[in-house]
Each structure stands twice: as structure tokens, then as C-alpha cells.
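Everything below concerns the one structure shown next.
Letters A, B, ... are given to chains in the order of the sequence lines, protein chains preceding strands, and every chain is numbered from 1.
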Amino acid sequence: MRAGAVMGAMCALLAGGALAETAAAAEKTEGEKVEEKLVRQLPALPVWSMTDSERVKKGEIVAGQDFFGKQENIQPRTLPEIVESVLPEPVEEEPEREENVREIPPEILSAYFEAIPIDAEGAPIFLRDPQELLAQQERQDRESFLKYHSGESKVDMFVYLFDERQELPEEITIEAVYDDLYARRGPTALIFYHLGKPDRAQFFLGNAIRAVVSEDEQNRALRAAVQEAFEKSDMAYQLDNFLVELSIRLYWIERELTGAGKPKPSRGGRDVLEARVADRPHGLIGRALLVVAMMTGVGLLGWLGYYCTERRVRYLFPEVDTGALMGAPHAAGVGAVISFSSAQLPPSQQRDHVPDYLHKM
Amino acid sequence: MVMKCPRCVQRVHRSARQCPHCGFEIGDADRIFGAEDVRLRCLTDAAGVLKKKERVAARRMLRNFQRKFPQLFFGIYFGSFKEIPSLRQFGFWLLNRGAFEDIKVSRPNEAGILLSVDVSGKAAGITFGYALQPFLDDEVTFKALSAAHPHFLQGQWLRASEVVIKRMSKTLSKQARRAKRNPEAFQPALQPETEGTGEILERIRANHRASQSKTQV
């Protein structure tokens, strides 16, 4: 309360001082007189003692405390304590398991490799996709293409579809699958194809074919099919391109097969062909180089043909009956004469058709 | 098929024994260059401007021309004609009086084309035989020489000759094809075997002189 009184006194004192100065400086009006009267009625202003001043400095009293309400537990000049942060101990992170690499569940595996599946009519199903990686329509389209190929070609294509990152168990290899299921069939091409990863495709031909067709040729066929697959971005279309190209290659292999007199032993025995990205030539550059090479070849051949023709061709003139001119026995065909004394003038301006008797001798 | 006089460069009609304009005939050229036949080769470098390698290359070029045109031959003459008044007359005379040693008899001078180059006088000209009259003219030869003009300017004699031969070969092969298709187009129009224009002119002049003398009498 005392502090509040002090503040009120200070205000009054200031106000009173100001009024006194005004009264002294100017002539007092009626209103001023009334105001002066009111000021006199106010209580006297409090006076600061030295003790109050010391207490304010120490923080025992706060100026204006009465106006702003009583504030308790004010801790003057207290600094926040520095709290030492405790860092967590480094924990060794376990390496994340690659999510994309997925093993194929055993029940699915059995669906893949139990037997050659057949449809309602007893015909073999050429496309195996028990995981339904392709949509139904897409699967039917590819299946119908494989059936068409089977009707046209002696070498059937059996395609097993897997996911992009799926890995087969070690004991299941394309060779083993061939031996188990397809060894007793006719000429067969077995394909393990990973959707979205054509370069992981595996290709295995039956023994009868491998005996005739060289390994290089088989490798080329697979590489060409992979290259064709990479022409598309959509996974299903990639499979389309892959199968079409492989079907074409198989057609030529088949022709070689039928035309072969003696079977040639394959170099690598029963090596499984696996496409490698490194083996895949860069599509655009390869094609551009091929086009340039072909054009150069055609150009060279054309030039060679022209050159040979030009060298061989003979030009004959009919005999012309002309009488002698100016008594000349053999020739009177006087052609042009040009001078080449000036590099500035064109040949037409250096042409000499002035009679000789007008020349300076 | 218009021929020109080598001296006055005026047109000379077929079978004229001398130029109707200036009276030029082969005898005039003989009086300047000599009446005897001259023995030479189809490549004659009298001016000595070709190196050995260039001479070999030039001969090969001329052989190729002869292989391509079995009836014709091409001759090149490099000379320095300080004392010769006219390169045109010289070419005319040389093709008539020249005996080309390395050309077979089956290819007479009538079937020859001669490129004469005056190295010191800086001029070049082309002359051709009677057999080529329907197939070549002044313009064709001028174009061939014009194409070689830059090389002549730089003294590249072999290159210049090569260009001339190439141009002439191109023209000749075209003309040969055309003649094969339509030989009649290149046969000269038949003219009555009458006296040449020179003789007519002589008679006119003689008559004129005769009438003048009669008048004087």
C-alpha cells in the first residue's frame, strides 16, 4: 500500500508542478482557478526515503506493484540452470533386409513346378503365372500368342513368370525343371522371365536343339529378345516384345534344325543362358551405327558399281562425212583460247576471240 | 556445226578452201611454223614444266581417255611460244602437221583433240579434228578451259590438264550416247558439191577486177 501511495504522490507532484509553472507563466483563467482549487484538495505527495530506494534496489518492493497486482515468488536475477544434455548411446543399426528380394512361398513353388499344367481341353498351358503377376486379360493375350507360336513352330515355348526381384531356391534350376517336366516332350524352349527385368531372363533349349544350334546363336537369340523387350517401358509389353523376338529367333533356329545334316555338338554342354545387362548393346547407338554402316556399305557398293561400269563402258562415235576446210587435211576445229595472265579477271573476260591481225605483235 | 577461222575467228562454212573473210588457209600456217610434218608424242612437254611423276600421271590419264573413247586420242602440248604470234593458229597447224608417234594409226588426227598451252604467254587453247566437228564446239572447249583456269593460274599444269580432259570426256560421252540414239542428228546437212566460199569470193573479185579493167578500157 505504501508503494501505491508513493506512486500517487509522484503523479500529483508532477501535475502540481506543471500547474504552478503555467500559473506563473501566463495569466490565470477562470478554469485554471477551478483546477488549482481541486489540486489543493488532493493529499500531499509521498516522499522517497533512502530506505525505500534500497529496498527497491534489492527487489523487496516492486514499483507499481499495487497497479499490477501482487506477484508472489518472484525470484530476482535467477538464471536458468544449464542442463547437460545426455546423448543416447550409439546403437548399432541392423542392416535392413532388402525388401524387394522375396522368396517364393513353397505352395506357390509347387504350383509352378508340380507338373505341366493343362487346360480344360487337355492342351498344355504355355504361360505359368500362379502368382497372377499379370492381369487376366494380359495373361490370356500372352497365352494365346504362345499357343499361336506352338501351332506355327515345332519348338514350343514354355514361359514361367516371376516377380522382378524374386529368387528361386537353389535346388530349382531351369535345367532341373526341364529334366523333370519337359525332357520327354518334343523340342521345347523353356523360359524363366522376371517381369520388369528382362535382362534376368533365362532360356533353355532342349538337348536335340542344343546339339545343332551353337551356343553363340542361342545367346544371340536371347540377347536380341532382351534388347527388344527394353524397347518398351511397360512390363507386359516388354514381355510381348521379348516373346515375339524369341519366336522369330526360334523360327530361324528351327530352320537350321531341319536343314542340318549332321548335328554339331554344343560347346558348353548344358549351360543355361542368362542375359546380362553388360552384354546388351545400347539400343539407339547400336542401331545408328548399324544404319550408318549399312548406308556406307550401300554407298561403297554403288560407287564401286559406277566405277566398274565407267571403266568398262566405251563410247563410240558415228563416222561423219566432213570435207576439208581451208586446206587442212585433218583438223579445222578451232576451239576456244583463254589467257590466264590475270587472277582478278574471270575466264570469260580473258577469252581470246580477237582476230590475230588485231593483236599487237 | 560452225567452224571458225584460226586467224580472224570468223565463221567458215563447210568445205571452204580458205577463209572467206581473211583468206587464211593451211599454207599460211605452214609459212609460219613449217610445212614439214612434226614428230611428237601425245604428251609433249617442250616447256619442261612437268615433273617425272606428273608426266607418268599425265600419260596414264591420256591412256584412260583412249580406253574410254576407242576412236579418239587426246594430245597435250606444253610450249613456250615467245616467237609464235597465235596459239590458235599453232594448235590448228600442229594437229594437221603433227605425227603422233605413240598413237596407233587407227586413230588418225581427224579424231584427235589437242590442248596447247603457252606457258610463258599464259594462254591455253583447244583444237579438234574433223571427226569431232559435230560433237564439239567453241563453247564446250571454252567451258573446259574455264574449269581449269584456276589451275592454270597457279601453274598446276597436270591438274589443269586433268580437269580439261575430264570435262571434255564428260561432254563427249554425252554426245556419244546422243549419237547412238539418233545418229542422223549429227550428220552434217547435205550440201551440193560446189566450190567453196573462197572460190566464189575469188570469182566475184576476179569478175570485179575484170569489169573494172573493161571499164577502164
Legend entry - Interchain contact, B/Pro108 with chain A, by part (heavy-atom threshold 4.5 Å): neither

Legend entry - Pick from B/Ile113, B/Asp137, B/Leu172 with the largest number of heavy-atom pairs that fall under 4.5 Å of chain A: B/Leu172

Inset, instruction - Would you please classify the geometry between the A/Phe340 ring and the B/His149 ring as parallel, tilted or perpendicular, with 30° and 60° separating the classes? - result: perpendicular

Inset, instruction - Is it possible for you to check whether B/Arg177 lies under 6.0 Å from the centre of the six-membered ring of A/Tyr315, through NZ or CZ, and within 45° of that ring's axis? - result: no

Legend entry - Top contributor to chain A interface from B/Gly112, B/Ala111, B/Pro70 [non-hydrogen pairs under 4.5 Å]: B/Pro70

Inset, instruction - Taking all non-hydrogen atoms of both residues into account, name the closest pair between B/Ser146 and A/Ile338 and its distance. - result: N-CD1, 4.2 Å

Inset, instruction - Look at the side chain of A/Arg314 and the backbone N and O of B/Arg67, then say whether any donor-acceptor pair between them is shorter than 3.5 Å. - result: yes

Inset, instruction - Heavy-atom distances under 4.5 Å only: say whether B/Lys68 touches chain A with side chain, backbone, both or neither. - result: both

Inset, instruction - Using a cut-off of under 4.5 Å on heavy-atom pairs, state which of B/Val140, B/Leu132, B/Thr127 scores highest against chain A. - result: B/Thr127

Legend entry - Side-chain donor/acceptor of B/Gln18 to backbone N/O of A/Gly327, under 3.5 Å: no

Inset, instruction - Side chain from CB out, backbone as N, CA, C, O: work out which of these in B/Leu136 comes under 4.5 Å of a heavy atom of chain A, or both, or neither. - result: neither

Inset, instruction - Indicate yes or no: at least one non-hydrogen side-chain atom of A/Pro329 is less than 4.5 angstrom from one of B/Tyr130. - result: no

Legend entry - For chain A, the option from B/Leu95, B/Asn64, B/Leu114, B/Asp28 that forms the most heavy-atom pairs under 4.5 Å: B/Leu95

Inset, instruction - Measure the CG-OG distance between B/Leu153 and A/Ser342 for me, rounded to the nearest 0.5 Å. - result: 7.5 Å

Legend entry - Shortest non-hydrogen contact between A/Val334 and B/Phe92, atoms and distance: CG2-CD1, 4.2 Å

Inset, instruction - Determine the minimum heavy-atom distance between B/Gly129 and A/Ala331, stating which atoms define it. - result: CA-CB, 3.5 Å

Legend entry - A/Leu316 vs B/Gln71 side-chain heavy atoms within contact, under 4.5 Å: yes

Inset, instruction - Give a yes or no on whether the backbone of B/Lys122 and the side-chain of A/Ser341 come within a donor-acceptor separation of less than 3.5 Å. - result: no

Legend entry - chain B contact via A/Glu319 - which portion, at a heavy-atom distance below 4.5 Å: backbone

Inset, instruction - Grab the two heavy atoms, one from A/Met326 and one from B/Lys4, that are nearest each other, plus how far apart they are. - result: CE-O, 4.2 Å

Inset, instruction - Taking atom CD of A/Gln349 as the centre, report whether more than 12 heavy atoms of other residues, nucleotides or ligands fall under 6.0 Å from it. - result: yes

Inset, instruction - Could you grab the distance from atom CG of B/Asn96 to atom NE2 of A/His330, nearest 0.5 Å is fine? - result: 6.5 Å

Legend entry - pair B/Arg88-A/Val337: side-chain heavy atoms closer than 4.5 Å: yes

